[in-house]
Amino acid sequence: MRDIENGYGGSMPAAGAQPFIRYNAIKVHPGKGRDFRLAWDKYSKPVYDKLVADGVVVAWGLMTEDVKTTGNFTHIVWVVTSDLAGMDK
């Protein structure tokens with residue numbers, strides 16, 4: 001896997017916190033990768049950047065497979081919050 005884009009907050013979770021990470025697999029149809037990236041940059045990236053700026057999200061990233069495996073997905077979005085409750089925000 002290789003990060004295409006990512007964002008990190010300026011502070012670490014508090015001592016004793018149990019960060020939570022969520023992965024979302026996405027399958028982009030062949031030939032639609034450019035359209036996906038344009039839509040991602042226009043709609044999703046600003047939301048994640050704001051969540052990081054507001055301290056809701058600790059870090060996020062958009063990854064792609066360097067070595068293809070099952071073909072069930074082409075991209076993965078990962079999001080880290082300080083705890084599970086952060087995913088509700």
Side-chain angles (χ1 to χ4, degrees):
M1 300 302 293
R2 175 178 53 90
D3 270 338
I4 299 172
E5 293 189 56
N6 52 46
Y8 296 90
S11 62
M12 295 296 291
Q18 293 187 342
F20 183 81
I21 187 166
R22 180 176 180 177
Y23 295 94
N24 297 311
I26 302 164
K27 185 172 185 176
V28 177
H29 293 284
K32 297 294 183 179
R34 184 176 187 286
D35 293 340
F36 172 76
R37 280 302 302 278
L38 290 172
W40 168 266
D41 288 341
K42 184 175 181 179
Y43 298 107
S44 298
K45 186 177 184 294
V47 172
Y48 286 114
D49 286 341
K50 178 154 180 24
L51 290 171
V52 167
D54 292 347
V56 175
V57 168
V58 175
W60 64 268
L62 173 64
M63 300 188 304
T64 187
E65 286 187 295
D66 277 342
V67 177
K68 297 297 179 201
T69 56
T70 65
N72 292 333
F73 63 91
T74 58
H75 295 74
I76 291 180
V77 176
W78 56 267
V79 179
V80 180
T81 55
S82 295
D83 54 27
L84 182 58
M87 287 292 169
D88 289 337
K89 296 180 181 180

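In this text the structure is predicted, and so the values were computed from the model without any measurement. Note that these values count all heavy atoms, side chains included, but never hydrogens, waters or copies made by symmetry.
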Quiz item: ring-ring contact (aromatic ring centres under 6.0 Å, His included) with F73: which residues, sequence neighbours excluded?
Solution: none
With a cut-off of 3.5 Å and sequence neighbours excluded, list every side-chain donor-acceptor pair involving residues 13-24.
unit_1, atom_1, unit_2, atom_2, d
R22, NE, N24, OD1, 3.3

Quiz item: Partners of D54 by side chain to side chain contact (heavy atoms under 4.5 Å, CB included), sequence neighbours excluded?
Solution: K50, V56
Exercise. Sequence neighbours left out, what passes salt bridge (charged side-chain N to carboxylate O under 4.0 Å, His left out) with D49? Give chain and number order.
Key: K45
Practice problem: Identify the two heavy atoms, one from V79 and one from M87, that lie closest to each other, and give their separation to 0.1 Å. | Solution: O-CE, 3.5 Å
Quiz item: Under 4.5 Å between side-chain heavy atoms, hopping through other hydrophobics if needed: is there a path connecting V58 to V52?
Solution: no
Quiz item: If you group Ile, Leu, Val, Met, Phe, Trp and Tyr by side-chain heavy-atom gaps below 4.5 Å, do Y8 and Y48 land in one group?
Solution: no
Exercise. List the atom of W40, the atom of P46, and the distance in Å for their closest heavy-atom pair.
Key: O-CD, 4.3 Å
Quiz prompt | Within one Ile-Leu-Val-Met-Phe-Trp-Tyr cluster: I26 and V57, side-chain cutoff 4.5 Å | solution = yes
Exercise. Quick one: sort the H75 and F36 rings into parallel, tilted or perpendicular, breaks at 30° and 60°.
Key: tilted
Exercise. Please identify each residue that fulfils salt bridge (charged side-chain N to carboxylate O under 4.0 Å, His left out) with E5, with sequence neighbours left out.
Key: R37
Quiz prompt | Test side-chain hydrogen bond (donor to acceptor under 3.5 Å, both in side chains) applied to D83 - qualifying residues, sequence neighbours left out | solution = none
Exercise. Please list, chain by chain and in numerical order, all residues satisfying side chain to side chain contact (heavy atoms under 4.5 Å, CB included) with K32, sequence neighbours excluded.
Key: V28, H29, D35
Quiz item: So which heavy atom on N6 is nearest to which on D3, and how close?
Solution: ND2-OD2, 3.3 Å
Self-check item: Residue pairs involving residues 8-20 (criterion salt bridge (charged side-chain N to carboxylate O under 4.0 Å, His left out); sequence neighbours excluded)
Solution: none
Practice problem: Kindly write out the residues that satisfy salt bridge (charged side-chain N to carboxylate O under 4.0 Å, His left out) with D88, not counting sequence neighbours, or none if the list is empty. | Solution: none
Quiz item: Is there a chain of hydrophobic side chains (I, L, V, M, F, W, Y, each step under 4.5 Å between heavy atoms) that links V80 to L62?
Solution: no
Quiz item: Okay, side chain of T74, backbone of E65: is any donor-acceptor separation there less than 3.5 Å?
Solution: no
